[in-house]
*Asks:* 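Let me give you the structure first, and then I'll get to my questions.
Treat the numbers as computed from the prediction; the structure is a model and nothing was measured.
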Amino acid sequence: MGFVDHAEFHAAVYDIVRLIPFAQVTSYGHIAKLAGMPNHSRHVGQALKFLPPNTNPPIPWHRVIGASGTISSRGPGTNGAQRQRDALVAEGVEVTTGRTGELRVDLGRYGWFPSVDEFRAAQEGDDEEEGEA
DNA sequence: TAATTGACTTCTG
DNA sequence: ACAGAAGCCAATT
């Protein structure tokens with residue numbers, strides 16, 4: 001699986017994010033792992049930042065949070081984390097707000113962390129447009 | 001070319 | 001549970 005260029009990595013990230021089940025969440029690091037690049041968690045976030053607003057099919061970027069179950073705050077003055085919280089709540093995911101304003105999801109209940117094997121199986125059963133010979 | 005940045009993760013105390 | 005530090009690596013300054 002080694003990717004030779006940036007675009008391929010982004011495409012792989014998008015494909016994986018699309019497969020996150022409704023009302024479930026996973027982490028940047030786990031997506032990097034499924035993409036075969038376990039040390040690129042930060043770049044998964046970069047890929048999502050590059051994501052255009054209107055995609056077809058839609059890419060559920062809001063289902064990607066930190067490994068500790070917290071929604072990454074894009075810094076004060078931005079509402080990205082708030083929008084992510086709203087999108088998750090709209091799917092029925094419980095998002096708790098901690099004492100210091102951190103937004104947290106219970107990974108035990110909503111976490112989606114399939115092994116690479118399970119992920120590939122899901123990819124075959126759920127999406128066959130990839131031209132898998 | 002070197003330093004900084006960041007939608008991260010993990011370990012320590 | 002929380003804070004700090006180290007490790008990480010492509011993109012950006």
*Asks:* Rounded to the nearest angstrom, tell me the gap between atom CZ in A:Arg99 and atom C1' in C:dC2.
*Replies:* 9 Å
*Asks:* What's the gap between C:dC8 and B:dG6 when it is taken at their C1' atoms, as a whole Å value?
*Replies:* 11 Å
*Asks:* Each nucleotide in nucleotides 2-13 of chain B should get exactly one letter: B, S or -. Can you fill that in based on protein heavy atoms under 4.0 Å?
*Replies:* ----BBBSS---
*Asks:* Is the A:Phe119 ring parallel, tilted or perpendicular to the A:Trp112 ring (thresholds 30°, 60°)?
*Replies:* perpendicular
*Asks:* Please say yes or no: joined through hydrophobic side-chain contacts below 4.5 Å, possibly via intermediate residues, are A:Met37 and A:Val44 part of one cluster?
*Replies:* yes
*Asks:* Taking all non-hydrogen atoms of both residues into account, name the closest pair between A:Pro60 and A:Val17 and its distance.
*Replies:* CG-O, 3.3 Å
*Asks:* Is the shortest side-chain N to carboxylate O distance from A:Asp15 to A:Arg18 below 4.0 Å?
*Replies:* yes
*Asks:* On DNA chain C, check which nucleotide each of A:Glu102 and A:Phe50 is closest to and give me the residue with the more 5' one.
*Replies:* A:Glu102
*Asks:* Please check if any side-chain donor atom of A:Gln82 sits under 3.5 Å from a side-chain acceptor atom of A:Arg74, or the reverse.
*Replies:* no
*Asks:* Considering only atom P, compute the distance from C:dG7 to B:dA7 and round it to an integer number of Å.
*Replies:* 22 Å
*Asks:* Among the clusters formed by ILVMFWY side chains lying less than 4.5 Å apart, do A:Val93 and A:Ile20 turn up in the same one?
*Replies:* no
